[in-house]
Amino acid sequence: QQLKETDVALPTISGGYIFKFEWQAVEEPEVECLSASHCWADLEVVDPVPLNVEQEAWLEQHLSGFADALFGDSFGDPSAGYAPYIDVGSFVDQVILNELGREMDAYIRSQHFYKDRDGKIFAGPIWDRDLTFGVGGSFENDQIEGWQYEQTARDGGGTGIPGLARNPGNDWFPRLMQDPGFVATLVARWRELRQAQLSDAELDARVDRLAAPLAAAAARNFAKWDILAPEMVPANMFRTTTEDTWEGQVASMRSW
């Protein structure tokens with residue numbers, strides 16, 4: 001539902017909102033979570049614009065309520081914990097997609113959320129997936145062992161990129177991973193997807209479908225910009241495979 005400036009009381013003020021964390025790229029309007037120690041900094045409202053003061057206050061209070069429930073003693077309780085605030089399935093799918101490709105920005109930036117009127121907070125849509133499947137290098141995201149959310153937390157948000165400041169990251173997803181109920185849902189969803197869209201055969205077929213129409217454009221692209229073989233692209237920023245042909249790069253990603 002599209003929020004209007006006149007929507008200043010329940011039930012209409014409860015949605016819809018689109019907000020995102022982009023870190024160092026945030027624009028107004030920016031909302032703050034009153035439980036600041038457990039909320040993303042630089043949380044930007046995408047819609048509605050303009051965001052009036054009543055709507056900003058309502059969203060801040062709602063996010064604070066979620067954070068308080070998530071980090072409370074009864075956080076896994078279906079009624080008293082985080083579950084009444086979020087669409088759990090969407091958060092599960094975000095973890096799976098973040099971990100499948102070891103997205104370097106995961107849990108740090110480029111995270112979108114939305115909340116429909118009378119609905120829960122939904123994690124998504126997915127956004128900004130360039131530093132993934134072996135490309136990047138920070139937070140050990142090019143490794144095929146381990147968990148990206150754990151590595152991001154251990155690193156403390158250090159970017160490893162010259163000239164960029166450290167960022168504390170976000171602890172919503174790591175906290176959810178401390179709940180056995182959330183983990184059980186995650187495991188069940190992973191097993192379901194591994195028999196369908198994320199099976200080896202389906203992933204291979206998807207690479208084929210996406211790569212085939214790009215072949216001619218890739219040839220023109222790399223004829224103009226000779227950037228296949230260098231290990232760091234741009235210089236000193238992101239690590240990538242050193243295959244000297246586009247076909248080799250695709251094969252390397254498939255192997256990873």
Side-chain angles (χ1 to χ4, degrees), residues 20-23 40 82 86-114 121-155 157 159-161 167 169-214 233 237-243 246-256:
K20 63 179 180 175
F21 174 70
E22 284 293 2
W23 178 44
W40 258 317
Y82 64 82
I86 67 170
D87 181 280
V88 174
S90 70
F91 280 74
V92 162
D93 284 349
Q94 284 284 304
V95 172
I96 288 175
L97 292 171
N98 288 342
E99 299 295 338
L100 174 71
R102 297 294 295 267
E103 168 57 45
M104 196 185 95
D105 287 329
Y107 318 113
I108 290 291
R109 60 178 293 163
S110 300
Q111 173 68 60
H112 283 55
F113 303 93
Y114 67 83
I121 299 168
F122 190 98
I126 61 170
W127 199 258
D128 190 8
R129 316 303 282 191
D130 55 335
L131 302 175
T132 190
F133 297 112
V135 176
S138 293
F139 315 122
E140 297 184 5
N141 84 306
D142 53 348
Q143 303 300 305
I144 60 171
E145 299 289 340
W147 292 88
Q148 193 63 26
Y149 81 91
E150 289 183 341
Q151 178 56 35
T152 299
R154 280 196 301 269
D155 192 68
T159 65
I161 302 170
N167 175 64
N170 173 258
D171 53 5
W172 289 359
F173 288 92
R175 177 63 167 172
L176 288 169
M177 292 295 288
Q178 294 175 6
D179 176 28
F182 184 87
V183 172
T185 303
L186 175 69
V187 170
R189 177 64 167 159
W190 171 250
R191 289 175 174 167
E192 173 192 353
L193 290 171
R194 283 290 284 159
Q195 299 301 314
Q197 296 99 317
L198 299 185
S199 69
D200 288 356
E202 283 296 321
L203 289 172
D204 261 342
R206 186 169 182 81
V207 172
D208 290 341
R209 288 195 302 271
L210 293 175
L214 297 176
V233 179
M237 287 201 71
F238 303 119
R239 187 177 301 118
T240 185
T241 184
T242 56
E243 299 291 339
W246 176 70
E247 291 80 7
Q249 293 273 338
V250 173
S252 179
M253 183 192 71
R254 189 195 303 266
S255 174
W256 188 97

Enquirer: Nearest 0.5 Å, please: how far is CG in Leu131 from CD1 in Ile108?
Expert: 12.5 Å

Enquirer: How close do Thr132 and Gly101 get, counting heavy atoms only, and between which atoms?
Expert: OG1-O, 2.8 Å

Enquirer: Can you check whether Gln111 reaches Gln94 side chain to side chain, under 4.5 Å on heavy atoms?
Expert: yes

Enquirer: Please round to the nearest 0.5 Å and tell me the distance separating atom CE of Met104 and atom CZ of Arg239.
Expert: 10.0 Å

Enquirer: Using only atom types and a distance under 3.5 Å, with no angle test, would you say the side chain of Glu202 pairs donor to acceptor with the backbone of Ala196?
Expert: no

Enquirer: For the backbone of Asp105 and the side chain of Ser110, can you confirm whether one donor and one acceptor N or O come within less than 3.5 Å of each other?
Expert: no

Enquirer: Between CH2 of Trp147 and CE of Met177, what distance do you get to the nearest 0.5 Å?
Expert: 4.5 Å

Enquirer: Please enumerate all residues that pass salt bridge (charged side-chain N to carboxylate O under 4.0 Å, His left out) together with Asp87, with sequence neighbours excluded.
Expert: none

Enquirer: Sub-3.5 Å donor-acceptor pair from the side chain of Thr185 to the main-chain atoms of Gly181, do we have one?
Expert: yes

Enquirer: Quick one: list whatever passes side-chain hydrogen bond (donor to acceptor under 3.5 Å, both in side chains) with Ser252, sequence neighbours left out.
Expert: Thr241

Enquirer: For residues 95-104, which residue pairs qualify under salt bridge (charged side-chain N to carboxylate O under 4.0 Å, His left out), counting only residues two or more places apart or in two chains?
Expert: none

Enquirer: Give the minimum heavy-atom separation between Ala123 and Ser90, together with the two atoms involved.
Expert: N-OG, 2.9 Å

Enquirer: Find out whether Asp130 and Val135 are in side-chain contact, i.e. whether some heavy atom of one side chain is under 4.5 Å from a heavy atom of the other.
Expert: no

Enquirer: Considering residues, nucleotides and ligands other than Leu210, do more than 12 of their heavy atoms fall under 6.0 Å from its CG?
Expert: yes

Enquirer: Measuring from Leu203:CG to Gln197:CD, what's the distance to the nearest 0.5 Å?
Expert: 9.5 Å

Enquirer: Show your working on ring-ring contact (aromatic ring centres under 6.0 Å, His included) between Trp172 and Phe21 and close with a plain yes or no.
Expert: CA-CA 13 Å; Trp172 289 359; Phe21 174 70; 9.6 Å; no

Enquirer: Do Val95 and Tyr149 come close enough that some side-chain heavy atom pair is under 4.5 Å?
Expert: no

Enquirer: Can you see which heavy atom on Asp179 is nearest to which on Tyr82, and at what distance?
Expert: OD2-OH, 2.5 Å

Enquirer: With side-chain contact (heavy atoms from CB on, under 4.5 Å) as the test, would you mind laying out the steps for Asn141 and Gln148 before giving the verdict?
Expert: CA-CA 7 Å; Asn141 84 306; Gln148 193 63 26; 3.5 Å; yes

Enquirer: Under the salt bridge (charged side-chain N to carboxylate O under 4.0 Å, His left out) rule, what pairs show up with a residue in residues 246-256, not counting sequence neighbours?
Expert: Asp204-Arg254, Asp208-Arg254

Enquirer: May I ask you to decide if the ring planes of Phe133 and Trp256 are parallel, tilted or perpendicular, using 30° and 60° as cut-offs?
Expert: perpendicular

Enquirer: Can a donor-acceptor pair be found, under 3.5 Å and without considering hydrogens, that links the side chain of Asp142 to the backbone of Thr240?
Expert: no

Enquirer: Residues two or more places apart in sequence or in another chain: which of them pass ring-ring contact (aromatic ring centres under 6.0 Å, His included) with Phe173?
Expert: Phe91, Tyr107

Enquirer: Can you list, pair by pair, the side-chain donor-acceptor contacts under 3.5 Å of residues 187-194, counting residues two or more places apart and other chains?
Expert:
| residue | atom | partner | partner atom | Å |
| --- | --- | --- | --- | --- |
| Arg189 | NE | Asp93 | OD1 | 2.8 |
| Arg189 | NH1 | Glu192 | OE1 | 3.4 |
| Arg189 | NH1 | Glu192 | OE2 | 3.2 |
| Arg189 | NH2 | Asp93 | OD2 | 3.3 |
| Arg194 | NH1 | Leu198 | O | 2.7 |
| Arg194 | NH1 | Asp200 | OD1 | 2.9 |
| Arg194 | NH2 | Asp200 | OD1 | 3.2 |

